[in-house]
Amino acid sequence: MRITRISLENFMPFYGTVEVEPYTQDEKPLVLVKGENDTGKTSFHTAIKYCLHGVENRSQRDQFINRQAATEGDGISKVEISFVDDNGDVYTIERGVEFSQVADEDDRSADQFFLRVSDADGNTVVGNDDRRDNYSRFINQFIPENVADFFFFDAEQLEKFEEANDEEVRDAIETVLGIKEIENAVRDLEKREKDYEREYAKVESTVAEVEELQTELTEILDEKEELEGPEGNGGKIQETKERIDTKRKKLQDIQSELDKIEEADDKREELEKVSENLESVNADLDDKLTERNTLRRRAGPLMAAVCAGTIQQLYEVEGTTDEADVINAVLNRQQCICGEPLDSDPDHREHLLDRYKELQSSERRKIAELLDRASEGLNVGVRKELDRYQRLQKDIRQARTRKSDLKDRKETLEQELEAIERKHLSDYKDQEEELEAEIQTLESEVESYQKRVGELNNKRDSLRKRISSQQEASEEEERYQKLIDLTGRCRDAMADIRSELVDNRRDTVEEHASQTFLKLTNRPNYYRGLRITENYELRVLTEESSRSIAEQRPSEGQKQIIAYAFIAGLSKYATRNAPVVVDTPIGRLDPTHKNNLLGYYHNFSDQVMILYQPNELEGSDIDRIAERTSKHYEIDHRDGDQESSRIEEVKLSPESIVGDD
C-alpha cells in the first residue's frame, strides 16, 4: 500500500483545499514534510490517522473544522486519501463532516458525518450507510486499527511501545505478522466442528444404544459449551478469568493506595492553614511584646507626667521657689517692693512671714520640685502614650488567647489525621488480604473447570468411537463423523502451525529488531541486542545481563532508539506493506543516534513520510538522504494570514534526481 494523494479541505489550520501527492519511487521511499511549530505539521499527521481510522471521541470532529471557514458560511471539512494496494488497485477514502456557519468560531460544530470508499472508477466500495463493520473489514486488509500506531507515530512518544504490557505487545506482533488470521481460522474450525457434532447428535439412528449415546454426547457437548462458551470464547472459564482480572486490577489499585493515602485532604488543608495562622500570631505577638517593653522603660516619665497634671489641677504651686526668695529679701528691708514702709502696717509684715513659712515647708518644696522636673522632660502627648500602652496590653491578651486556640486546633487535627491514616491503612490491608484469597479461590475454580473439560473431551471421544462402531449407523451419521474427524484434524494442524509460526515469527522479529538496534545505538560495543521473550516481554541485552526496559533504565534517547528498532522488526516481517509516517523524527536524540537513524529510515517501508521541524534536520541532513527522497514539502502560514496554513512542494536538488527516468 502506498499513498498517492492527500487532500485536506477546511481541516484544522488548512483553509480551503490543500493537496499533496506523496507517491514514492522504488529505491526512494522517503517523503519529507517540513514545518515549524504551530504551522500545521501535527495537524497533517492527525489528518492521515483520522481519515484511515476516525476518532474515538466524536466531539473531536468539531475541533477539526477550520475556524475561518466556519465563520464565513456553510461548508465541508474533510480529508481524502488515495492509495494503491499491492495488487495495483486504487482506492480513495473520504471522511469528514458538513457544518453550518457560526458567528463565534468557538461555537463551530459538525452537522452531518460522512464516510465513503470508492475504487478507481468512482464506484462505491463502502458507503456512508454501510455498517461500521464493513469499513473495518476493508481497512483491516491494509492497516488494522489496533496496529495503526506502529505505522503512524510520534517519535517523542515512542516509549509507549516498549513500555506496553505483554498482551499489547503480543496482540501487535500477531496482528502485524498475520498470526491473527490463523487464530481466526482455528476458531472457525472449532465452531464448525461443534456444529457438525450437534448435527451428528441430532441424526436419528435405528439403534437404541446409539440414541442413548447421542443423548449423552449432547449433554457432554452442552456442558463443554457451558464451560468454554459457544465458540471457545466466554463460558464459565472465561467469566472466571475475567473476574480474576478484575480483582487483580482492584488489588493493584489498593496496593497503590497503600503507598499513598490521599484521604482527609480537607483536614490536611485546614492543618496547613492553622499552622500558617499560628506562625502569623506568634510573629504578631512578638512584635507587640517588644513594643510594650519599650513603653515600660518609659513608665517613670509617664507616671511623672500624670502626677504633674494632677498637681497642677489640685494645688497652686506656680512660682513656689522664686516667691519664697523674694519674700525673704523683702523681710530684710524696711520697705516693701511697692515702696511703702513695712512698719506702717503691723499686719503686713506678719502676713509676709506667714507666707514665707508656708512656702518653705517640705511638702510644698517637693511638689514644686516634681513640677519643675515634669515640665522639663515630658511631652504634651503623655495621655496618648498611656492609651497606646493599654491597647498593647489588650492586643497581647487577645493574641495569646488566639495562639492557645490555634495550638489546640493544630494538635486536634494532627491526632485526627493520624487516626484516619491508621484506620485506612488497616482497611486497605484487610481488603488486600481478602482479594488475594478470592483470587486464589477463583484460580482454583478455573483449574477445576479446565480439568473437567479434559474429562469431557475423553468421554466425547469414547462416545464417538462407540457410536461409529455401530454397524447400522446411517450414511448421514457416517458423513458427519467424517466431517467432524476432518475439521478436528484441520484444527489441530492449524493450531500446530500457529504455535510454530508464533515462535518463528517472534524469533525473526527479535533478530531484525536486535540487529537494527545495534546499528542505531551509540553504544554498539556495550549492548548485545534486544530479546522478545515467550511472554512477549521486550528485554535489553548486555554482556552482563538481560534486563527489562524499566530495569535497564536507558536514557530517553536510547529508549527512543529501542522503540524504533522494535517497530523496524515488525515492519520488516509484516504481512502488510503499509506506509510509515513519523512525526518529530529526531526528538531527543544525540548526534550519533541522529546520524544512525537518518541512514536507516529508508529501510522502514516502501513509503516513509518524515514530518520534521527545521532544527531537527538541517541542510546537510537533507542532502545526506536526498538520494532516498522522492518528495519534499513544506508547511507554513499563508501570506498575511497566521491563522491559515498551506503545503507547498520544495524542489529537490539536482544531485538528488540523478538517475531518474
Side-chain angles (χ1 to χ4, degrees), residues 2-23 31 33-35 38-55 57-84 90-129 135 138-139 148 152 579 581 583 609 611 631 633-649:
R2 294 193 200 185
I3 296 176
T4 59
R5 183 179 66 92
I6 300 174
S7 175
L8 312 173
E9 182 176 348
N10 296 327
F11 184 84
M12 298 184 81
F14 300 102
Y15 173 73
T17 301
V18 177
E19 286 193 3
V20 296
E21 295 181 350
Y23 187 76
V31 176
V33 181
K34 174 184 177 181
D38 205 29
T39 57
K41 178 170 58 66
T42 299
S43 298
F44 184 72
H45 184 259
T46 300
I48 297 174
K49 297 175 66 175
Y50 165 67
C51 185
L52 295 178
H53 294 108
V55 290
N57 187 351
R58 294 185 177 181
S59 64
Q60 288 182 265
R61 299 172 183 167
D62 299 343
Q63 305 303 314
F64 291 162
I65 301 172
N66 180 266
R67 298 175 185 272
Q68 181 179 346
T71 58
E72 290 181 350
D74 300 346
I76 291 176
S77 172
K78 70 175 182 177
V79 182
E80 283 187 21
I81 292 180
S82 298
F83 64 91
V84 57
V90 177
Y91 298 96
T92 298
I93 302 173
E94 180 183 10
R95 186 191 295 266
V97 297
E98 298 175 0
F99 61 85
S100 300
Q101 183 179 9
V102 293
D104 187 341
E105 61 184 26
D106 291 330
D107 294 334
R108 63 194 189 281
S109 63
D111 295 334
Q112 184 69 37
F113 165 77
F114 58 86
L115 171 64
R116 181 174 181 264
V117 180
S118 57
D119 60 19
D121 298 324
N123 300 316
T124 299
V125 177
V126 179
N128 200 49
D129 296 330
Y135 179 78
F138 168 79
I139 196 64
F152 310 118
V581 182
D583 190 10
M609 300 178 63
L611 283 59
K631 294 290 183 69
Y633 294 94
E634 181 174 3
I635 303 175
D636 63 2
H637 296 296
R638 291 180 181 270
D639 295 338
D641 187 359
Q642 296 296 311
E643 295 291 328
S644 181
S645 297
R646 63 185 177 186
I647 305 176
E648 294 185 341
E649 186 172 357

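This chain uses plain numbering: 1 for the first residue, then up along the sequence. All figures in this text were calculated on a predicted structure; none of them were measured in a lab.
- Within the model, atoms CG of D106 and CZ of R67 stand 5.5 Å from one another, a figure rounded to the nearest 0.5 Å.
- Residue H45 holds its NE2 atom at 7.5 Å from CZ of F152, rounded to the nearest 0.5 Å.
- With salt bridges taken as basic N to acidic carboxylate O contacts below 4.0 Å, none links K34 and D636.
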R95 vs I81, side-chain contact (heavy atoms from CB on, under 4.5 Å): CA-CA, chis, key distance, verdict: CA-CA 9 Å; R95 186 191 295 266; I81 292 180; over 6 Å; no

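- The CG atom of L8 lies 11.0 Å from the NZ atom of K78; values are rounded to the nearest 0.5 Å.
- The closest donor-acceptor contact from the side chain of D583 to the backbone of T42 lies at 3.5 Å or more, if one exists at all.
- For the residue pair P22 and V31, the shortest heavy atom distance occurs at O-CG2, 3.3 Å.
- Within a 6.0 Å sphere centred on CG of N128, other residues, nucleotides and ligands contribute more than 12 heavy atoms.
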Apply the test side-chain contact (heavy atoms from CB on, under 4.5 Å) to residues F11 and V18: give CA-CA distance (whole Å), side-chain angles for both, the deciding distance (0.1 Å), then the verdict. CA-CA 9 Å; F11 184 84; V18 177; over 6 Å; no

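- Under the 6.0 Å distance and 45° angle rule, R61 counts as a cation-pi partner of F113.
- Ring geometry for F138 against Y91 counts as perpendicular: the plane angle is over 60°, on a 0 to 90° scale with 30° as the lower cut.
- For Q60, the CD atom counts as densely surrounded, since its 6.0 Å shell holds more than 12 non-hydrogen atoms of other residues, nucleotides or ligands.
- Formation of a donor-acceptor pair under 3.5 Å by the N10 side chain with backbone atoms of I65 is not found in this model.
- Between E648 and E634 there is no side-chain heavy-atom pair separated by less than 4.5 Å.
- The minimum heavy-atom distance between R638 and S645, with the atom names listed, is NE-O, 3.7 Å.
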